[in-house]
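The figures that follow rest on heavy atoms only: side chains count, while hydrogens, waters and symmetry mates do not. Throughout, protein chains are lettered first and strands after them, A, B, ... in sequence-line order, and every chain is numbered starting at 1.
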2 protein chains.
Amino acid sequence: MKVSQRTEYGIRAMISLARHYDDGPSSIKEIATGEGIPGAFLEQIMAELRRGGIVESQRGVNGGYMLSKSPNETSVGTVVEILEGSLSPARCESDCSKMPDCSTRTVLKKIEESITKTLDNIYLDELLKVGVHEE
Amino acid sequence: MKVSQRTEYGIRAMISLARHYDDGPSSIKEIATGEGIPGAFLEQIMAELRRGGIVESQRGVNGGYMLSKSPNETSVGTVVEILEGSLSPARCESDCSKMPDCSTRTVLKKIEESITKTLDNIYLDELLKVGVHEE
DNA sequence: TTTAAATCCGACTAAATTAGTAAGGTATTA
DNA sequence: TAATACCTTACTAATTTAGTCGGATTTAAA
């Protein structure tokens with residue numbers, strides 16, 4: 001029930017992009033050194049976020065990444081969903097019928113719904129107000 | 001963000017105990033075969049639940065496990081907390097101060113709170129009403 | 001037009017975690 | 001005293017995670 005390091009990095013990077021939303025694209029290197037994330041690893045993560053459609057990239061000199069939509073339209077739920085590969089903790093879809101009780105699935109569904117609902121209602125701009133020590 | 005197989009087994013086992021709440025202790029073997037869980041693995045899980053205080057054991061012939069409290073006093077949250085080792089997805093407690101932004105931690109806290117609150121409000125007896133195919 | 005800065009892409013690897021086995025010990029009761 | 005069932009620890013195979021690495025492609029600026 002932990003968010004993976006990968007996803008945590010992803011969230012961090014997205015917050016960084018939100019913070020510099022009006023400053024043009026941020027390069028991997030900038031984000032990586034700013035957030036203390038291994039560059040080559042972040043590269044993978046950003047590519048995934050791009051394929052997920054929530055960031056756009058500009059190649060070449062002075063290129064980098066930027067948010068596809070404004071920070072108040074980008075929810076953390078989307079970020080997590082893209083990186084974590086669906087929030088669904090259910091695992092018994094296929095062969096559930098032969099199990100003696102499926103209450104378990106009900107519980108897992110509830111968990112999933114709860115998480116999804118929560119995360120979908122947290123937007124990046126809200127996060128900018130908190131915990132910024134300096135920069 | 002998935003519940004581990006271990007935890008899923010744990011929930012399943014707890015539901016089984018709830019279902020037979022008035023029938024005296026259930027042995028590992030009974031639960032395992034009934035729920036399709038590897039016995040030796042379940043043994044570990046039950047021991048952990050016992051140490052967590054939500055089930056009690058009776059050794060020796062005709063022994064087994066039983067719920068410490070009634071199904072309507074035992075929440076799924078407790079089960080998950082014991083097996084998953086705290087629901088906290090936060091990981092930066094110690095060296096958070098040197099990070100440029102801790103909004104991430106805020107998000108993770110929100111996730112945690114959401115999950116905890118949800119699970120703490122689901123009790124075993126509610127689950128008995130659902131998805132029982134036969135037995 | 002060349003060069004440097006950047007994204008892109010796929011393959012690889014080490015470490016950690018997970019899921020499960022195995023074996024032997026200890027308590028209880030018939 | 002024998003069978004049953006919990007208890008405990010150690011081990012292992014498979015999977016996942018957290019990266020690394022090398023090179024190709026795009027782009028802007030010199």
Side-chain angles (χ1 to χ4, degrees), chain A residues 1-13 17 20 23-68 80 82-86 89 91-92, chain B residues 1-13 16-17 20 23-68 80 83-86 89 91-92:
Chain A
M1 292 299 286
K2 269 193 187 355
V3 168
S4 66
Q5 188 69 258
R6 181 188 191 78
T7 299
E8 183 171 330
Y9 286 160
I11 295 173
R12 235 178 246 289
L17 289 185
H20 301 106
D23 308 350
S26 309
S27 71
I28 293 279
K29 194 182 287 182
E30 285 168 347
I31 304 172
T33 61
E35 302 289 333
I37 303 171
F41 193 26
L42 181 59
E43 210 167 316
Q44 289 183 1
I45 297 168
M46 293 313 294
E48 214 170 323
L49 292 175
R50 179 180 51 75
R51 285 189 290 270
I54 59 175
V55 300
E56 281 164 15
S57 63
Q58 173 67 42
R59 297 176 76 163
V61 176
N62 293 327
Y65 289 90
M66 50 215 146
L67 298 182
S68 299
V80 177
I82 292 169
L83 295 177
E84 210 76 8
S86 120
R91 110 183 38 233
C92 56
Chain B
M1 293 298 286
K2 268 192 187 357
V3 168
S4 66
Q5 187 69 258
R6 179 188 192 79
T7 299
E8 182 171 332
Y9 286 160
I11 295 173
R12 235 176 247 287
S16 171
L17 289 186
H20 301 104
D23 308 349
S26 311
S27 71
I28 293 278
K29 194 182 287 183
E30 284 170 348
I31 304 172
T33 62
E35 302 290 332
I37 304 172
F41 194 25
L42 181 58
E43 212 167 315
Q44 290 183 359
I45 297 169
M46 293 312 293
E48 214 169 322
L49 292 174
R50 179 180 51 76
R51 284 190 292 269
I54 59 175
V55 299
E56 281 164 16
S57 62
Q58 172 66 42
R59 298 174 78 163
V61 176
N62 292 327
Y65 288 91
M66 50 214 145
L67 297 184
S68 299
V80 177
L83 294 178
E84 209 77 6
S86 119
R91 109 183 39 232
C92 56

Self-check item: Residues A/E30, A/H20; criterion side-chain contact (heavy atoms from CB on, under 4.5 Å); working and verdict
Solution: CA-CA 11 Å; A/E30 285 168 347; A/H20 301 106; over 6 Å; no
Quiz item: Got B/P25 and B/Y65 here, is their nearest side-chain heavy-atom distance under 4.5 Å?
Solution: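 No - every pair of side-chain heavy atoms lies 4.5 Å or more apart.
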Whole Å only: how far is the [atom1] atom of [X] from the [atom2] atom of [N]?
X     : N      : atom1 : atom2 : value
A/R12 : D/dA18 : CZ    : P     : 14 Å
B/L49 : D/dC6  : CG    : P     : 13 Å
A/E56 : C/dC8  : CD    : C1'   : 16 Å
A/I45 : C/dC9  : CD1   : C1'   : 16 Å
B/R6  : C/dG20 : CZ    : P     : 11 Å
B/E48 : D/dC7  : CD    : C1'   : 14 Å
B/Q5  : D/dT16 : CD    : C1'   : 15 Å
B/E30 : D/dA5  : CD    : P     : 7 Å

Quiz item: How does protein contact run along nucleotides 21-30 of chain C, one letter per nucleotide 5' to 3', with B for base contact, S for sugar-phosphate only, - for none, heavy atoms under 4.0 Å?
Solution: B---BBBBBS
Interatomic spacing from [atom1] in [X] to [atom2] in [Y] - rounded to 0.5 Å:
X     : Y     : atom1 : atom2 : result
B/M46 : B/I37 : CE    : CD1   : 9.0 Å
B/I28 : B/L42 : CD1   : CG    : 4.5 Å
A/L83 : A/Q44 : CG    : CD    : 11.0 Å

Practice problem: Quantify the bending of the helix from C/dT1-D/dA30 to C/dA30-D/dT1 as the angle between its end axes, each fitted on five pairs, to 10°. | Solution: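 One end's axis against the other's: 10°.
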Check whether any side-chain N or O of [X] sits under 4.0 Å from OP1 or OP2 of [N], and answer yes or no.
X     : N      : value
A/Y65 : C/dC8  : yes
B/S57 : D/dC7  : yes
A/Y9  : D/dA18 : no
B/R51 : D/dC7  : no
B/R50 : D/dC6  : no

Quiz prompt | A/S26 (side chain) donor-acceptor with A/I31 (main chain) under 3.5 angstrom | solution = no
Quiz item: Can any side-chain N or O of B/S16 pair as donor or acceptor with the backbone N or O of B/R12 at less than 3.5 Å?
Solution: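 Here the side-chain-to-backbone pair does not exist.
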Quiz item: With A/Y9, which residues qualify under ring-ring contact (aromatic ring centres under 6.0 Å, His included), at least two apart?
Solution: A/F41
Quiz prompt | Contact summary for B/S68 and B/G53, nearest pair of heavy atoms | solution = OG-O, 3.0 Å
